[in-house]
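One structure is given here, and the rest of the page talks about it.
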There are 2 protein chains.
Amino acid sequence: MRYPPEHKAEKRQALIEASSALLKQGGYAATGIDKLMEASGVTSGAFYSHFGSKAELLQALVPHELELSRNAWESNPHTEPTAWLEFELERYLNIKHVRHPEAGCMLPSLGAEIARANAATRKVFEEEMEKGVLMLEQKLGNADLAWTFICQLVGAILVARAMPTKAAQLTVLDANKRILLESLTRTLASFAE
Amino acid sequence: MRYPPEHKAEKRQALIEASSALLKQGGYAATGIDKLMEASGVTSGAFYSHFGSKAELLQALVPHELELSRNAWESNPHTEPTAWLEFELERYLNIKHVRHPEAGCMLPSLGAEIARANAATRKVFEEEMEKGVLMLEQKLGNADLAWTFICQLVGAILVARAMPTKAAQLTVLDANKRILLESLTRTLASFAE
DNA sequence: GTCTATAGATGGATAGAC
DNA sequence: GTCTATCCATCTATAGAC
């Protein structure tokens, strides 16, 4: 046959990727399937050849997005813990990240809606987060610190995005960066003792 | 006249209070005005005697909710910084807070939708947050630390809520509590030097 | 597999009776 | 000020033509 079975899987993946930016930008509940499919140049009818429901799209979005986030961490060129952290703080706690949710981490924009999603979606979320924490644990030497670091970053972007001006957004970002750099460096040093 | 002008303001306030739980639980976009008014025993027609639009309700919800959050902080009985923090960590980073968004802080549940709201709503949000940071600054001695503390707490609840099991939620909460207590105590000590 | 068309429900918001 | 009724848009999801 002309189109092998994996062609359908590829199309499905393409729909997920095209939907992700719109969902992160506008929110899951507020963004209709029509609009999501428009981004891929198809109509909403085509959507249901690839997904059983809108909820299934959200579930599929979770591993896609969290894998991208882990890849970003992996691309950090530093090996020394403090330098690695400094680089990560600059990358995540960035004003561009605040102002462009469509290109950023799914957690600040869709975290609350994942929390309201069905059990299957949250199960996938947990599994993908565990992978991320495992990776971070190897950098930071401690699982507690890994969870805390993630929560801090997510909260900082969430709060900064709710601010009305760039100045206020920078206030939030810079405060977080200053405290985190100082505090984490000291925490890492205490582990090394 | 039988009903003084403030009676209307009181009714408006009552509608806000009755809506708040449903909005935090179900999300702003996903919860209709019909359902919100049902909680007050009126129909959606009555809504528009008190609010010009659904967006105006969200804007009114922000000062109401953030004042409640500040009041909770104020009720902390401790004066010594470390004891104050410990109490606050137990209060906010609590499994009940994770599992009952309708009774908790608006930031983890509605923060992302405030970030997508209009400029007027975000302006009010900023003003109310400044008040909270000012109050926290007096407890922690540092504005950067106040912002960071808030972001950390919000992120922790957001991430914990997205977890599928109570065990996983506790993992997130406990990790944050352990690191925060240790790290903040050390940071406070460094300020005292 | 994607299209058009549409069902069926619900969304925000308005009009007019009381 | 609140009600019922309704407008109109949009939502998720399905049916049938191609």
Side-chain angles (χ1 to χ4, degrees), chain A residues 1-20 22-62 110 112-114 116-118 120-121, chain B residues 1-20 22-62 110 112-114 116-118 120-121:
Chain A
M1 54 182 85
R2 198 171 181 86
Y3 294 103
E6 61 256 33
H7 201 263
K8 183 171 179 182
E10 285 172 16
K11 179 77 189 190
R12 181 184 150 108
Q13 197 62 20
L15 293 180
I16 293 169
E17 284 170 25
S19 300
S20 82
L22 287 171
L23 285 172
K24 288 187 287 183
Q25 186 164 63
Y28 171 73
T31 310
I33 292 171
D34 273 8
K35 194 177 177 184
L36 292 175
M37 291 302 100
E38 199 180 343
S40 295
V42 298
T43 64
S44 68
F47 173 81
Y48 291 93
S49 297
H50 299 279
F51 303 94
S53 66
K54 195 188 179 187
E56 196 180 311
L57 170 63
L58 181 61
Q59 181 174 341
L61 193 66
V62 169
L110 294 174
E113 297 191 284
I114 292 171
R116 297 185 193 108
N118 59 41
T121 299
Chain B
M1 55 181 87
R2 198 169 181 86
Y3 293 104
E6 61 255 33
H7 200 263
K8 183 171 178 182
E10 283 172 18
K11 179 77 187 186
R12 182 184 150 110
Q13 198 61 20
L15 293 179
I16 293 170
E17 284 170 25
S19 300
S20 83
L22 287 169
L23 285 173
K24 287 188 286 185
Q25 185 164 63
Y28 171 74
T31 310
I33 291 172
D34 273 9
K35 195 176 177 185
L36 293 175
M37 291 303 99
E38 199 180 342
S40 295
V42 298
T43 63
S44 68
F47 173 82
Y48 291 94
S49 297
H50 299 279
F51 302 94
S53 66
K54 193 187 181 189
E56 197 180 310
L57 171 63
L58 180 61
Q59 181 175 340
L61 192 67
V62 169
L110 295 173
E113 297 191 280
I114 292 171
R116 294 183 194 110
N118 59 42
T121 300

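As a basis for the values below, the full set of heavy atoms in this structure was taken, side chains included, without hydrogen atoms, waters or symmetry mates. Lettering of chains follows the sequences in order, A, B, ..., and the numbering in each one begins at 1.
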Return all side-chain donor-acceptor pairs below 3.5 angstrom for residues 53-62 of chain A, not counting sequence neighbours, or 'none' if the list is empty.
{"residue": "Ser53(A)", "atom": "OG", "partner": "Ala55(A)", "partner atom": "N", "Å": "3.4"}
{"residue": "Ser53(A)", "atom": "OG", "partner": "Glu56(A)", "partner atom": "N", "Å": "3.3"}
{"residue": "Lys54(A)", "atom": "NZ", "partner": "Tyr28(A)", "partner atom": "O", "Å": "2.6"}
{"residue": "Lys54(A)", "atom": "NZ", "partner": "Thr31(A)", "partner atom": "O", "Å": "2.9"}
{"residue": "Glu56(A)", "atom": "OE1", "partner": "Gly52(A)", "partner atom": "N", "Å": "2.9"}
{"residue": "Glu56(A)", "atom": "OE2", "partner": "Arg12(A)", "partner atom": "NH1", "Å": "3.3"}

(request) Sort and list the pairs that fulfil salt bridge (charged side-chain N to carboxylate O under 4.0 Å, His left out) and have at least one residue in residues 31-51 of chain B, not counting sequence neighbours. (result) none

(request) Taking side-chain contact (heavy atoms from CB on, under 4.5 Å) as the test, write out the residues that go with Ser40(A), two or more places apart. (result) Leu15(A), Ala18(A), Val42(A)

Whole angstrom value for the distance that separates [atom2] of [N] from [atom1] of [X]:
X        : N       : atom1 : atom2 : result
Ile33(B) : dG12(C) : CD1   : P     : 5 Å
Tyr48(B) : dA13(C) : OH    : C1'   : 4 Å
Asp34(A) : dT4(C)  : CG    : P     : 11 Å

(message) Closer than 3.5 angstrom, by distance alone: can the side chain of Glu113(B) be matched with the main-chain N or O of Ala29(B) as a donor-acceptor pair?
(response) yes

(message) Keeping Lys8(A) on the side-chain end and Ser49(A) on the backbone end, is there a donor-acceptor pair under 3.5 Å?
(response) yes

Distance-minimising heavy-atom pair for [X] and [Y]:
X         : Y        : answer
Ser20(A)  : Glu17(A) : OG-O, 3.2 Å
Ser44(B)  : Met37(B) : CA-CG, 4.1 Å
Ala39(A)  : Leu22(A) : CB-CD1, 3.6 Å
Arg116(B) : Leu23(A) : NH2-O, 4.2 Å

(request) Please find the earliest and latest nucleotides of DNA chain D, in the 5' to 3' direction, that have an atom within less than 4.0 Å of any heavy atom of chain B. (result) dG1(D) to dT4(D)

(message) Contact list please: residues 22-32 of chain B against DNA chain D, heavy atoms, distance less than 4.0 Å, in numerical order.
(response) none

(request) Can you sort out which residues in residues 51-62 of chain A have a heavy atom within less than 4.0 Å of DNA chain D? Ascending by number, please. (result) Ser53(A), Lys54(A)

